[in-house]
2 protein chains.
Amino acid sequence: MAASTPGPSTSDRILDAALASFAGRGYEATSLDTVARSLEITKQSILYWFPSKDALLEAVIARSAADLSTALETALRGAGEGWARVEAVVRSVFRLAARQPALLGLLREVSRLGPPAATQMTLALEPLVQRASAFLEAEMDAGNMRRHDPRLLLLAIYSTVIGMVTEVEVLRALGEEPTARSLVRRRADVLELLRSALLIE
Amino acid sequence: MAASTPGPSTSDRILDAALASFAGRGYEATSLDTVARSLEITKQSILYWFPSKDALLEAVIARSAADLSTALETALRGAGEGWARVEAVVRSVFRLAARQPALLGLLREVSRLGPPAATQMTLALEPLVQRASAFLEAEMDAGNMRRHDPRLLLLAIYSTVIGMVTEVEVLRALGEEPTARSLVRRRADVLELLRSALLIE
DNA sequence: CAATCTGTCTACCATTTGGTAAGTGGCTGC
DNA sequence: GCAGCCACTTACCAAATGGTAGACAGATTG
């Protein structure tokens with residue numbers, strides 16, 4: 001018989017469940033009791049590891065921002081130059097949408113919650129933002145992309161991609177069921193759209 | 001001395017305050033007591049006009065969907081043909097963002113809440129969606145716009161415009177303060193982007 | 001083996017929440 | 001002039017919430 005599986009630590013399991021609930025139902029709609037029950041522990045165990053609900057959110061954001069960063073950094077590492085880098089990032093986001101949708105859901109939720117949660121997320125992702133902004137500007141300078149305010153362009157790209165990936169209800173309103181197959185089509189569509197919107201030639 | 005001003009009815013004032021709070025703080029984070037206090041009435045007065053918090057949300061959605069519809073219908077009424085119609089709609093949305101931001105905020109919130117709220121909003125806005133989808137398809141058939149799945153294209157346009165208008169925290173993360181002037185720049189940018197993404201030639 | 005530390009649980013608690021019940025003052029219609 | 005309705009209030013309430021205090025079992029360490 002194998003040794004009893006150690007498995008993920010309690011605090012990790014709490015973070016997982018909290019992430020899922022914050023992303024899926026929202027911060028306010030998430031109760032510590034419910035999270036605890038889903039893990040078959042008591043609320044007090046949660047409060048042992050994280051002194052308050054706010055602190056739990058903070059921890060979830062910290063871990064998620066790190067996960068998000070490494071996912072994108074990894075995608076960028078072997079990505080080539082120019083447009084290929086945009087493609088790599090978009091594909092990486094769609095991969096996250098398929099495999100860890102809660103990560104993107106949390107992004108949405110945090111942006112809705114505003115400070116201090118949003119500020120924390122902002123700070124944690126700032127390096128990526130800087131990089132992306134600088135990249136877009138360089139591409140424009142090189143004459144590869146149409147000229148825009150890089151920050152507004154980044155917001156537009158962000159909104160489009162995140163929307164295509166997280167706006168499940170709007171998708172349904174449009175009569176498109178959010179299946180895995182649909183996700184692939186959306187990825188193709190978004191890439192094509194971005195291409196014609198941004199690329200010169 | 002003038003006659004005592006009649007002013008808006010209590011139920012309208014409740015709807016106004018509830019809309020603002022649902023859109024700004026979120027449904028779960030909104031308490032009937034707080035809304036009541038802000039209106040200097042009691043919670044029970046709210047429950048007199050709307051039998052439950054859910055019913056209040058329902059009423060807010062109904063009224064907002066109607067307002068949204070008429071705003072867009074009006075914009076479309078004297079709008080010309082082809083691309084001018086897209087421009088008219090986008091401008092109309094940005095006008096709403098400046099004058100009744102809560103209307104767009106509610107849209108976001110409802111899409112986050114999912115059914116049944118989202119279903120109600122979907123049904124109320126379906127005519128607009130149908131119209132937009134048919135318009136896009138016709139423009140593609142006429143060879144004026146690049147061919148895409150009209151529904152996915154609509155989702156992309158929706159995400160971009162709504163994002164540019166409601167993603168205040170992301171905007172801040174990008175170092176752009178959400179002022180009125182910024183809104184005008186964002187409108188110009190989004191129109192330019194959509195133009196190069198969609199229009200052929 | 002005693003002392004301590006770790007992780008979890010039981011027992012509470014104050015506050016807030018959506019919601020009910022029962023008035024109450026004023027205006028309307030008969 | 002009074003019966004009745006309308007709009008709104010005071011008085012409650014059960015449930016749920018985030019959080020505190022303290023006990024307890026098991027491992028660790030001197």
Side-chain angles (χ1 to χ4, degrees), chain A residues 3-61 63 109-110 112-117 120, chain B residues 3-63 106 109-110 112-117 120:
Chain A
S4 73
T5 59
S9 73
T10 301
S11 69
D12 277 336
R13 293 178 60 227
I14 295 173
L15 285 175
D16 289 341
L19 167 61
S21 188
F22 289 160
R25 315 163 47 92
Y27 178 71
E28 295 97 346
T30 295
S31 90
L32 296 184
D33 275 304
T34 310
V35 174
R37 215 171 308 136
S38 82
L39 294 171
E40 293 184 311
I41 61 178
T42 63
K43 168 174 61 180
Q44 284 68 24
S45 292
I46 298 182
L47 290 167
Y48 170 78
W49 291 102
F50 307 95
S52 71
K53 194 185 177 185
D54 276 342
L56 176 57
L57 174 62
E58 211 177 297
V60 168
I61 292 176
R63 202 190 61 168
E109 174 70 0
V110 164
R112 178 186 77 92
L113 288 171
Q120 188 198 346
Chain B
S4 72
T5 59
S9 72
T10 301
S11 69
D12 278 336
R13 293 177 61 225
I14 295 174
L15 285 174
D16 289 340
L19 168 61
S21 188
F22 289 160
R25 317 164 47 93
Y27 177 71
E28 294 96 346
T30 295
S31 90
L32 297 183
D33 275 304
T34 311
V35 174
R37 215 172 308 135
S38 82
L39 294 172
E40 294 184 308
I41 61 179
T42 63
K43 167 174 59 180
Q44 284 67 23
S45 294
I46 298 183
L47 290 167
Y48 170 77
W49 291 102
F50 308 94
S52 71
K53 195 185 176 184
D54 276 343
L56 176 58
L57 174 61
E58 212 177 295
V60 168
I61 293 176
R63 202 190 60 169
L106 185 76
E109 174 69 0
V110 164
R112 178 187 78 90
L113 288 172
Q120 187 198 346

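By convention in this document, chain letters (A, B, ...) are assigned in the order of the sequence lines, proteins followed by strands, and residues within each chain are numbered from 1. It should be emphasised that the depicted structure is a prediction, and the values quoted were computed from it without experimental measurement. As a basis for the values below, the full set of heavy atoms in this structure was taken, side chains included, without hydrogen atoms, waters or symmetry mates.
Atom-to-atom, CZ of Arg37(B) to C1' of dT9(D) comes out at 16 Å; the value is rounded to the nearest Å. A straight line from CD1 of Ile14(A) to C1' of dT8(C) spans 11 Å, rounded to a whole angstrom. dA7(D) atom P lies 17 Å from atom CG of Leu39(B), rounded to whole Å. The distance from atom NZ of Lys43(B) to atom C1' of dC12(D) is 10 Å, rounded to the nearest whole Å. Between the CG atom of Leu32(A) and the P atom of dG18(D) there is a distance of 4 Å, rounded to whole Å. Distance, Arg25(A) CZ to dT17(D) P: 10 Å, rounded to whole Å.
Lys43(B) and Ala36(B) get closest at one heavy-atom pair: N-CB, 3.5 Å. For Leu113(B) against Leu57(B), the heavy-atom pair with the smallest separation is CD1-CD2, 4.0 Å. Closest heavy-atom contact between Leu39(B) and Arg13(B): O-NH2, 3.2 Å. The nearest pair of heavy atoms linking Ser45(A) to Ile14(A) is O-CD1, 4.2 Å.
An end-to-end axis angle of 10° holds for the helix from dC1(C)-dG30(D) to dC30(C)-dG1(D), taken from five base pairs per end and rounded to 10°.
A cation-pi arrangement is found for Lys53(A) relative to Tyr27(A), the charged atom lying closer than 6.0 Å to the ring centre and inside a 45° cone about the ring normal.
The ring pair (Phe, Tyr, Trp, His ring centres under 6.0 Å) pairs that include a residue from residues 38-59 of chain A number zero, where partners must be two or more places apart or lie in different chains.
The residue Thr30(A) sits close only to the backbone: its heavy atoms come under 4.0 Å of sugar-phosphate atoms, none of a base.
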Pair Leu56(A), Leu47(A) - check side chain to side chain contact (heavy atoms under 4.5 Å, CB included), show working. CA-CA 9 Å; Leu56(A) 176 57; Leu47(A) 290 167; over 6 Å; no

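Between Glu58(A) and Arg63(A), none of the side-chain N atoms (NZ, or NE/NH1/NH2) sits under 4.0 Å from a carboxylate O, so this pair counts as no salt bridge.
Contact check, Thr10(A) against dT8(C): a side-chain N or O comes under 4.0 Å of OP1 or OP2. In this structure, Ser31(B) does not reach the dT16(C) phosphate: none of its side-chain N or O atoms is under 4.0 Å from OP1 or OP2.
Considering only the side chain of Asp33(A), dT17(D) comes nearest among dT10(C), dT17(D), dG19(D).
Within residues 44-54 of chain B, the residues approached by DNA chain C to less than 4.0 Å at the level of any non-hydrogen atom are Gln44(B), Leu47(B), Ser52(B), Lys53(B), in residue-number order.
Other residues, nucleotides and ligands contribute only 12 or fewer heavy atoms inside 6.0 Å of the CZ atom of Arg25(B).
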